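In what follows, chains are A, B, ... by sequence order, proteins preceding strands, each numbered from 1. Source: prediction; values computed, not measured. The figures that follow rest on heavy atoms only: side chains count, while hydrogens, waters and symmetry mates do not.
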Number of protein chains: 2
Amino acid sequence: MQLPKGVEWAAHCLVVLERLGESHPVPTSTLAEVYGLSPTYLNKHLQALSRHGLLISTPGSTGGFSLSRPAAEITLADVVEALDGDRTLFRCTEIRCDGLFQDRSAEIRASGACRIAAAMWQAEQAWRESLATVSINDLAGGIDALSGQNLNEFVGNKNRKAGQDI
Amino acid sequence: MQLPKGVEWAAHCLVVLERLGESHPVPTSTLAEVYGLSPTYLNKHLQALSRHGLLISTPGSTGGFSLSRPAAEITLADVVEALDGDRTLFRCTEIRCDGLFQDRSAEIRASGACRIAAAMWQAEQAWRESLATVSINDLAGGIDALSGQNLNEFVGNKNRKAGQDI
DNA sequence: GCAATCTAGACATTTTATATCCAGATTGCT
DNA sequence: AGCAATCTGGATATAAAATGTCTAGATTGC
């Protein structure tokens, strides 16, 4: 069981957008180039972030994606939720009601949620709460500190190429 | 991203073994019948639990599986680790080193682990720690309290059928 | 020796993740 | 107005993982 790679891609892209400041929207193609990712597939993930309100998408010739709110208010929990939907790590299939005790399934269900599921969900809660303490802002310092300058130059050139004055 | 169903199966089976006391080993076929599971596939998971020291397996005609230690000392974290191996929820592919900054990858790696990965792993740590607080013993009370009596009768009959005096 | 079991691995099926592609709509530029 | 670049959504294809089955070998109790 593993988180989809899209989570990693999305997190890095959000960091890039933070580092670039709020200037102009950055198109998928540029973000893909920064990290050597598949543009079309990355776009699918960015669309998901947009649908969930983490990004604002601007259509049109000089369009692209930009952060919808301050990077300090976007957390890893948001990213995971946006890309992985409302799925839980643990999925309870209530096998308590399936085999030997089939005919008492109503009674079993009435006795409350399965304790295994409850414990699993509580642990998952701890996971999400930890993710919620880390914002894109917290992440931005380290990751691309080394390459932040280059990043600005690169994207800047890209945008100028597209006919835009940054 | 979701935990394999085997985790649920294994957890329930451990609870059943706890409720039956330590009497005799219970074969895969009986455990599968209790919850209406695929015997061969369940056996694969039980083998994994055995390899990781949660269960003791007894070969032979009256063989089967039994808990390797008190149910209070087997936690959900153990179950997840046994069935899902050493995989982490989040897998870092270091895309920092892949695209624009390819030629500086050595430098980037030297600057330390990716902060995104670090945050993800810390959250995962919280998840595992929460799972480690829940033992099979804790779970046994609720889940099959309703059907514990039937469980004993059922497995008892099974074992007698197999020629065993329980 | 026979029947029941665990073990290990090969194999098939199903589901999910990954990736690509295309038609439609929006916008900026000339 | 027309063109180029973009986002949007869905269809489709490929790769990987989970799920499930099967067989041959080894162990034990009767």
Side-chain angles (χ1 to χ4, degrees), chain A residues 1-10 13 24-33 36-52 54-66 68 80 83-85 87 89-91 93 95 158-166, chain B residues 1-10 13 24-33 36-52 55-66 68 80 83-85 87 89-91 93 95 158-165:
Chain A
M1 152 258 8
Q2 251 159 352
L3 283 169
K5 238 193 287 189
V7 172
E8 184 184 18
W9 294 15
C13 285
H24 288 281
V26 181
T28 301
S29 57
T30 301
L31 288 171
E33 208 170 338
L37 307 174
S38 151
T40 54
Y41 193 33
L42 174 60
N43 178 256
K44 181 159 289 192
H45 295 312
L46 297 178
Q47 281 184 34
L49 296 182
S50 170
R51 271 194 303 273
H52 283 80
L54 308 197
L55 292 178
I56 289 176
S57 71
T58 311
S61 179
T62 57
F65 294 92
S66 46
S68 69
V80 169
L83 294 194
D84 213 56
R87 273 179 299 182
L89 290 180
F90 180 83
R91 160 187 42 173
T93 61
I95 60 175
K158 277 282 163 186
N159 278 8
R160 269 192 289 280
K161 255 188 219 159
Q164 185 172 339
D165 198 18
I166 205 165
Chain B
M1 151 254 12
Q2 251 160 350
L3 283 170
K5 239 193 284 189
V7 171
E8 184 183 19
W9 294 14
C13 285
H24 288 280
V26 181
T28 301
S29 58
T30 300
L31 287 170
E33 208 168 339
L37 307 173
S38 152
T40 54
Y41 193 33
L42 174 61
N43 178 256
K44 180 162 289 191
H45 295 311
L46 297 178
Q47 282 184 35
L49 296 182
S50 171
R51 271 194 305 273
H52 284 78
L55 291 178
I56 290 176
S57 71
T58 312
S61 181
T62 57
F65 294 91
S66 46
S68 69
V80 169
L83 295 193
D84 213 55
R87 274 178 298 182
L89 289 181
F90 179 83
R91 160 186 44 172
T93 61
I95 61 176
K158 277 282 164 187
N159 277 8
R160 269 193 289 281
K161 254 191 218 158
Q164 185 172 340
D165 199 18

**OP:** Just name whichever nucleotide pairs with D:dC30, Watson-Crick or G-U, keeping both distances under 3.5 Å, else none.
**Re:** C:dG1
Subject >> Per-nucleotide protein contact string for nucleotides 14-28 of chain D, where B marks a base within reach and S marks sugar-phosphate only (heavy atoms under 4.0 Å, - for neither) >> reply: ---SSBBB-----BB
**OP:** Give the rounded distance in Å between these two atoms: CZ of B:Phe65 and P of C:dA4.
**Re:** 18 Å
Original post:
If only side-chain N and O atoms of B:Ser29 are considered, is one of them under 4.0 Å from the OP1 or OP2 phosphate oxygen of C:dT5?
Top reply: yes
Original post:
Taking only side-chain nitrogens and oxygens of A:Arg51, does any of them come within less than 4.0 Å of OP1 or OP2 of D:dT8?
Top reply: no
**OP:** State which residues pass side-chain contact (heavy atoms from CB on, under 4.5 Å) with B:Thr93; sequence neighbours excluded, sorted by chain then number.
**Re:** A:Lys5, A:Glu8, B:Arg91, B:Ile95
Original post:
Can you tell if the side chain of B:Phe65 reaches within under 4.5 Å of the side chain of B:Ser57, non-hydrogen atoms only?
Top reply: yes
Donor-acceptor list for residues 38-48 of chain B side chains, cut-off 3.5 Å, not counting sequence neighbours:
residue	atom	partner	partner atom	Å
B:Ser38	OG	B:Tyr41	N	3.2
B:Asn43	OD1	B:Gln47	NE2	2.6
B:Asn43	ND2	B:Thr28	OG1	3.0

**OP:** Return the value, rounded to whole Å, for the distance between atom NE2 of B:His24 and atom P of C:dA4.
**Re:** 19 Å
**OP:** May I have the distance from B:Leu46 (atom CG) to C:dA8 (atom C1'), rounded to whole angstrom?
**Re:** 15 Å
**OP:** Tell me whether the OP1 or OP2 atom of C:dT5 has a side-chain N or O from B:Thr28 closer than 4.0 Å.
**Re:** no
Subject >> Rounded distance (Å) that lies between atom P of C:dA19 and atom CG of A:Asn43 >> reply: 14 Å
Original post:
Between B:Thr58 (side chain) and B:Gly63 (backbone), is there a donor-acceptor pair under 3.5 Å?
Top reply: no
